[in-house]
There are 2 protein chains.
Amino acid sequence: MSGSIDSRKAAILRAVVDEYVKGAEPVGSSHVARVAGMQVSPATIRNEMNVLEHEGYLVQPHTSAGRIPTDKGYRYYVDTFVDETQNSDVMQFKSVEEFFTKAHGALAEMFSDTSRLLTKLTNYAAVVTGPSPETSLIRSIQLVSLDPKRVLLLMVDSKGAVEKKTLDLASEASESDLESASNFLTKKLRGVPLGSLGDADSSSGDLQFDQLCTLSLDALKELKGEAESVYIEGASKVASAFDAVDTVRSVLATLEQHFLVVSLIRDVLSKGQKVAIGSELGIEPLAECSVVVSPYIVEGEKVGSIGLVGPTRMNYPKVLAAVNLVSTGLGKRLSEG
Amino acid sequence: MSGSIDSRKAAILRAVVDEYVKGAEPVGSSHVARVAGMQVSPATIRNEMNVLEHEGYLVQPHTSAGRIPTDKGYRYYVDTFVDETQNSDVMQFKSVEEFFTKAHGALAEMFSDTSRLLTKLTNYAAVVTGPSPETSLIRSIQLVSLDPKRVLLLMVDSKGAVEKKTLDLASEASESDLESASNFLTKKLRGVPLGSLGDADSSSGDLQFDQLCTLSLDALKELKGEAESVYIEGASKVASAFDAVDTVRSVLATLEQHFLVVSLIRDVLSKGQKVAIGSELGIEPLAECSVVVSPYIVEGEKVGSIGLVGPTRMNYPKVLAAVNLVSTGLGKRLSEG
DNA sequence: CCTTAGCACTCTATTCTATCGAGTGCCAAC
DNA sequence: GTTGGCACTCGATAGAATAGAGTGCTAAGG
């Protein structure tokens, strides 16, 4: 396995990817010769392309057609030619800026709007995962009576997000019970991360009061384990990206399984990657898809991520730029509060 | 315009719809003769079908093919043969029952789970609209400090739903200000429908307190106007329902415009209908779709609706049964609290 | 007058063949 | 190592022939 790619082979591979992304058709040696601006004949390029095929970077759909990149080819392209730090498209930059200065509203809306922004920028399906509840700090606890034996627990966290849970009481609680328990819990738990809640330690002797506190604590612990929020937009873009209706269906069906998408994104990020291509995803129905992700950072911490799912044949530089732009924009916006 | 449909023509139309829904292929006279169990020859049926075509209930895709129903044909079928009150499919019934006895969690999850249930039952895209905030009664108001000049307003309504809004203060407010304002507002507004909030009438003289009350009231008024929540699931089912990828794309793109879907459903319901077929929808990209809707009733009041979007060529009896089943199930479940 | 068998007709879908052309691999020459 | 030349492969396109489903019409029968 030589695998050595000299600069000319690299240039050829690059041209094939660029042109195939642009034209959606296998690209042949003369096409490369014309477009890549290199001073060699198509025959020479043919030889090189032959080698690239044997090394697994290109394939021919059938004997007498041009080549298209393999997943490995795309991988080389992304690793070698895509400069993350660069964003050529000024329009894109401006519209993202504008979006985030105008953005407002609750967290949930923020996320779903961001997801919509991303899908609009790239024309692929976009995913935004909300901050996992584990990392947020408790800011305030409120207990609100629903009916005599049921109480709604409201928890506001340090980011202004609200989580709620219904408590079923063993015995009735008065308004004043609720109020004192609310105050006590808020005082006691303010600033505590949801992830590190201990057991109830105090017993005041007041049964009603203790019941409320215990139940609340249990509810809070449950909250932290709850599925993190996911916002997926742009299903229609999937239908535009593939022309086999079967592919569309299976990709959409996969995207509907939110937990799958979330763990997919998590996997990619945990490897320190921003891009996962086709078979690298390890999910059969997404074999023709690539995923581009980026965490967003609020107050120095990676609290969530954004990503998007498109065909392997995508414009990686543009898409990566968009994802990076949106993730930093979102991070900044959320850091402001 | 005679338009008269005698019982034999009706039986033929019915057979055509049934068979076309089942087989997705134009159905011919002999097919009808065989399946409809009527004692006439194909030739007779041909004559009748010819009339039905001239009256606009059937069409031929091309000369020398069987017939398929027009929107008008489906309409007649639904109005004449579909008995809403009847649900033949026991399995369906059981699984819906089971779902609603096991269902729990916040309203939002309830709705999205219901949407998923419906999409699973019918294999079409499902829509659930949450209760419009206008009709709900205020149960409790809480003000929570985010930072010195920003306050989070929490409103719990009579159904246990929580709405939130951030207030920007002109000047800082203390914790005790917040607490007294919370108490005052809760006492004052408990039981008031969000839709009928008046102006602030009291001025206590305490500037800080008055500011909080005014801002809160404004925020609450804004809340009532906010878009009602919509839960749409089953995009992948759209890809299964049509085999032209263009159709899939345009239908999906339309479904992504939630406000459009909501007003569509509202329109249908406001005409007292439960089914709208193809061109009746008045939305060009949905020309090949039908919509089946039903409101759900909580404590005697229609607070929201569920619906689903599939191809005009759908199994109306089954789908209507499913929608009715789920809507009554959801209504009951929400009435219990 | 309604029904029906018979039949000619139409049009799609399928198959087959022929042709075209893009692109390749290889070879021999530079 | 590079390149022009060339035979070859194979998909895509078009045209012709065929098969079959289903119709509309007509004329005969109840």
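In what follows, every chain begins at residue 1, and chains take the letters A, B, ... in the order their sequences are listed.
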Residues forming a side-chain hydrogen bond (donor to acceptor under 3.5 Å, both in side chains) with [X], sequence neighbours excluded:
X: Thr129(B); result: Ser305(B)
X: Arg34(B); result: none
X: Thr312(A); result: none

Close residues, residues 23-42 of chain A, relative to DNA chain D [heavy-atom separation under 4.0 Å]: Gln39(A), Val40(A), Ser41(A)
In whole Å, what is the span from the [atom1] atom of [X] to the [atom2] atom of [N]?
X: Glu48(B); N: dT3(C); atom1: CD; atom2: P; value: 7 Å
X: Met49(A); N: dG25(C); atom1: CE; atom2: P; value: 9 Å
X: Ile45(B); N: dC2(C); atom1: CD1; atom2: P; value: 17 Å
X: Ile12(B); N: dT3(C); atom1: CD1; atom2: C1'; value: 13 Å
X: Asn47(A); N: dC26(C); atom1: CG; atom2: C1'; value: 9 Å

Mind checking what makes salt bridge (Lys or Arg N to Asp or Glu O under 4.0 Å) contact with [X], not counting sequence neighbours?
X: Asp267(A); value: none
X: Glu25(A); value: none
X: Glu280(A); value: Arg75(A)

Set of residues satisfying ring pair (Phe, Tyr, Trp, His ring centres under 6.0 Å) with respect to Phe242(A), sequence neighbours excluded: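 Ring pair (Phe, Tyr, Trp, His ring centres under 6.0 Å) check on Phe242(A) returns nothing, list empty.
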Show every donor-acceptor pair shorter than 3.5 Å between a side-chain atom in residues 10-19 of chain A and any protein atom, with sequence neighbours excluded, or say none if there are none.
residue  : atom : partner  : partner atom : Å
Asp18(A) : OD1  : Tyr77(A) : OH           : 2.6
Glu19(A) : OE1  : His31(A) : NE2          : 3.1
Glu19(A) : OE2  : Lys22(A) : NZ           : 3.3

Sugar-phosphate only, base, or nothing, as touched by Ala65(A) at under 4.0 Å among non-hydrogen atoms: sugar-phosphate
Touch class at under 4.0 angstrom, heavy-atom based, for Asn50(A) against every strand present: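 If one applies the 4.0 Å heavy-atom cut-off, Asn50(A) turns out to touch the sugar-phosphate alone, with no base involved.
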Show me the donor-acceptor pairs within less than 3.5 Å that the side chains of residues 115-125 of chain B make with the rest of the protein, sequence neighbours left out.
residue   : atom : partner   : partner atom : Å
Ser115(B) : OG   : Ala126(B) : O            : 3.2
Ser115(B) : OG   : Tyr231(B) : O            : 3.1
Arg116(B) : NH1  : Glu233(B) : OE1          : 3.3
Thr119(B) : OG1  : Tyr124(B) : O            : 2.4
Thr122(B) : OG1  : Leu118(B) : O            : 2.8
Thr122(B) : OG1  : Tyr124(B) : N            : 3.2
Asn123(B) : OD1  : Lys237(B) : NZ           : 3.2

Polar side-chain atom of Gln60(B) near backbone of Ala65(B) as donor-acceptor pair, under 3.5 Å: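 Yes, Gln60(B) side chain to Ala65(B) backbone: donor-acceptor pair under 3.5 Å.
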DNA chain D: 5'-most and 3'-most nucleotides touching chain B, 4.0 angstrom heavy-atom criterion: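 Listed 5' to 3', the contact boundaries are dA21(D) to dG24(D).
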Toward the 5' end of DNA chain D, by each residue's nearest nucleotide, Gly66(B) or Ala43(B): Gly66(B)
CZ/Phe93(A): more than 12 non-hydrogen atoms of other groups inside 6.0 Å: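 Check fails, neighbour count at 12 or below.
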Contact state string [nucleotides 7-17 of chain C, B base, S sugar-phosphate only, - no protein heavy atom under 4.0 Å]: ---BBS-----
